[in-house]
S.K.: 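Supplied in structure tokens, the structure appears directly below.
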Amino acid sequence: MFELANPNRFQKFAKRILPWVAGIAVAAMGAGLVIGLFLAPPDYQQGESVRIMYVHVPSAWMALGIYTAIAVASGCFLIWKYPLADVLARAAAPIGAGFTLITLVTGSLWGKPTWGTWWVWDARLTSVLILFFLYLGYIALRNAFEDPTRSAKAAAVLALVGFVNVPIIKWSVDWWHTLHQPASVVRFDGPTIHASMLIPLLLMATGFAAFFTVLLLIRVRSALVARKIRALRLVQAGAGPHIDEA
Amino acid sequence: MTAFLLLLRHELKLSLRQANESTSAVFFFLLAALLFPFGVGPETSVLARIAAGVIWVTALLAALLSLERLFQVDYEDGSLELLAVAPVSMEVIVFAKSIAHWLTTGLPLLVVSPVLALLLQLPASAIGTLALAMLLGTPVLSFLGAIGAALILGSRRGGVLLALLLLPLLVPVLIFGVAAVDAAAMGLDPIPRLGVLGGFLVLALGLSPWVSAVALRQALE
């Protein structure tokens, strides 16, 4: 039971902070949506469709950030064999994939009025698409084994390999895109962004991060409970005292 | 070093005796690439424009097809476990097997690619660059592929999973492999692009056996 000692403490900690983080998520996302959708000015070039950015940009940040977090957790798991790190990585992956999908869909919705098509092989869109496939590969590998220890370790190695490759892929795609530069692409990356747009953006980013934390805590808690149930079942089935492997 | 050569000879002997592994990769390569003219039409200019991309994409898929079995057979019949307790480091084993995989699939693909290039109307000036790009790029497929092949050992659905794991990682090789050939076809200097491919190769040679060895040890636990 020593293996579960730390997760137990985590359970209590998660239970205590969950309502607070949920409150922050609701408040920040609510305020961000109100300011972003109604109070912030429309962009002089993109018009009202710039408001999609208040969802698009924070989800893109989350998509990248969660992948980084998974890689860090996988590293901790492989090096120090810390079981909670694996549970965290496992719980974070589908949420990250969800944010990546939101980024792709909102990017496509924004592209229709701005670029005139639903999809452009823009360097950023393409990189995010590849990131989405990296997430899918990670999740698929996690679910491909009967043995939970094996799937945890294999997925951790994959997360690290993918993480090392992300800069190479990103650079290659940027290079590839400039080689095939389409004629008329309005670029979003102006050097400055006005405060009236920055405030809702940062509010939404905070809200998304808090929302991610809420989902993560719930998923980790249920994963830990599921692990406990499996361990108890094994004991009941007379599998002996070695429940730490379960 | 002797262990490495012994392993390599063993692998090559095995694949020569059951030659269908590498021939099936080559046949897939030829057939898949030769379907494209039927798909896009026989127009010379269109074919010449897409030839480099078609050859690279189909070569990548052909390599992927054979990668699934890189460690699978040895894993299932238990010889991988024997190799693991042998007085050779796992990294050397992976290195030998990756080289053997390249010699039995990458190299045959490289040999037939000029024929395909001719059939797909790639400008003759670019064929040398295509061969050079494949010489640098296909070993990356074998070495990066070894990581994926080691990770999926013992999993429930091998092939599709391997494709999902590897294709995102192989995008850079595809981009620069095609770019080098395109540059040569347009009369530009392909050396910088080939240099990038060479860089990928060095990275893959240096890092991948190490990572694959970690993954293999996990599979054998």
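Convention: sequence-line order gives letters A, B, ...; per-chain numbering from 1.
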S.K.: Looking at every heavy atom in both B:Leu165 and A:Gly137, which two are closest together, and how far apart are they?
M.R.: CD2-O, 3.4 Å
S.K.: So if I take each residue of residues 203-214 of chain B and look for any heavy atom under 4.5 Å from a heavy atom in chain A, which residues do I end up with?
M.R.: B:Leu203, B:Val211, B:Val214
S.K.: Taking side chain to side chain contact (heavy atoms under 4.5 Å, CB included) as the criterion, tell me which of B:Ile175, B:Val171, B:Val173 meets it with A:Ser172.
M.R.: B:Ile175
S.K.: Could you pull out the closest heavy-atom pair between B:Pro168 and A:Ile169, with the gap in Å?
M.R.: O-CD1, 3.3 Å
S.K.: Let me confirm one number: the CG-CD1 distance from B:Leu167 to A:Ile130, rounded to the nearest 0.5 Å.
M.R.: 10.5 Å
S.K.: May I ask you to check whether over 12 heavy atoms, not counting those of A:Phe211, lie within 6.0 Å of atom CZ?
M.R.: no
S.K.: To the nearest 0.5 Å, how far apart are CZ in A:Arg150 and CD in B:Glu221?
M.R.: 9.0 Å
S.K.: Of all the heavy-atom pairs spanning A:Ala140 and B:Leu164, show the shortest one and how long it is.
M.R.: CB-CD2, 3.8 Å
S.K.: Scan residues 158-184 of chain B for pairs that pass ring-ring contact (aromatic ring centres under 6.0 Å, His included), counting only residues two or more places apart or in two chains.
M.R.: A:Trp171-B:Phe176, A:Trp175-B:Phe176, B:Phe176-B:Phe200
S.K.: Can you say whether B:Arg217 sits under 4.5 Å from chain A via the side chain, the backbone, both, or neither, judging by heavy atoms?
M.R.: neither
S.K.: Residues of residues 77-96 of chain B under 4.5 Å from chain A (heavy atom pairs)?
M.R.: none
S.K.: To the nearest 0.5 angstrom, please state how far the OG1 atom of A:Thr149 sits from the CD atom of B:Gln218.
M.R.: 10.5 Å
S.K.: How far apart are the C-alpha atoms of B:Leu169 and A:Ile168, what are their side-chain angles, what is the distance that settles it, and do they pass the side-chain contact (heavy atoms from CB on, under 4.5 Å) test?
M.R.: CA-CA 9 Å; B:Leu169 303 179; A:Ile168 300 177; over 6 Å; no
S.K.: With only heavy atoms counted, which part of B:Val178 is less than 4.5 Å from chain A, the side chain, the backbone, both or neither?
M.R.: neither
S.K.: Let me know if A:Leu78 has heavy atoms under 4.5 Å from chain B in its side chain, its backbone, both or neither.
M.R.: side chain
S.K.: For B:Leu161, is it the side chain, the backbone, both, or neither that has a heavy atom closer than 4.5 Å to a heavy atom of chain A?
M.R.: side chain
S.K.: By number, which residues in residues 120-155 of chain B have some heavy atom less than 4.5 Å away from chain A?
M.R.: B:Ile147, B:Ala150, B:Leu151, B:Ile152, B:Leu153, B:Gly154, B:Ser155
S.K.: Identify which of A:Leu131, A:Leu141, A:Leu136 forms the greatest number of heavy-atom pairs closer than 4.5 Å to chain B.
M.R.: A:Leu141
S.K.: Contact part of A:Val173 toward chain B, heavy-atom cut-off under 4.5 Å: side chain, backbone, both or neither?
M.R.: both
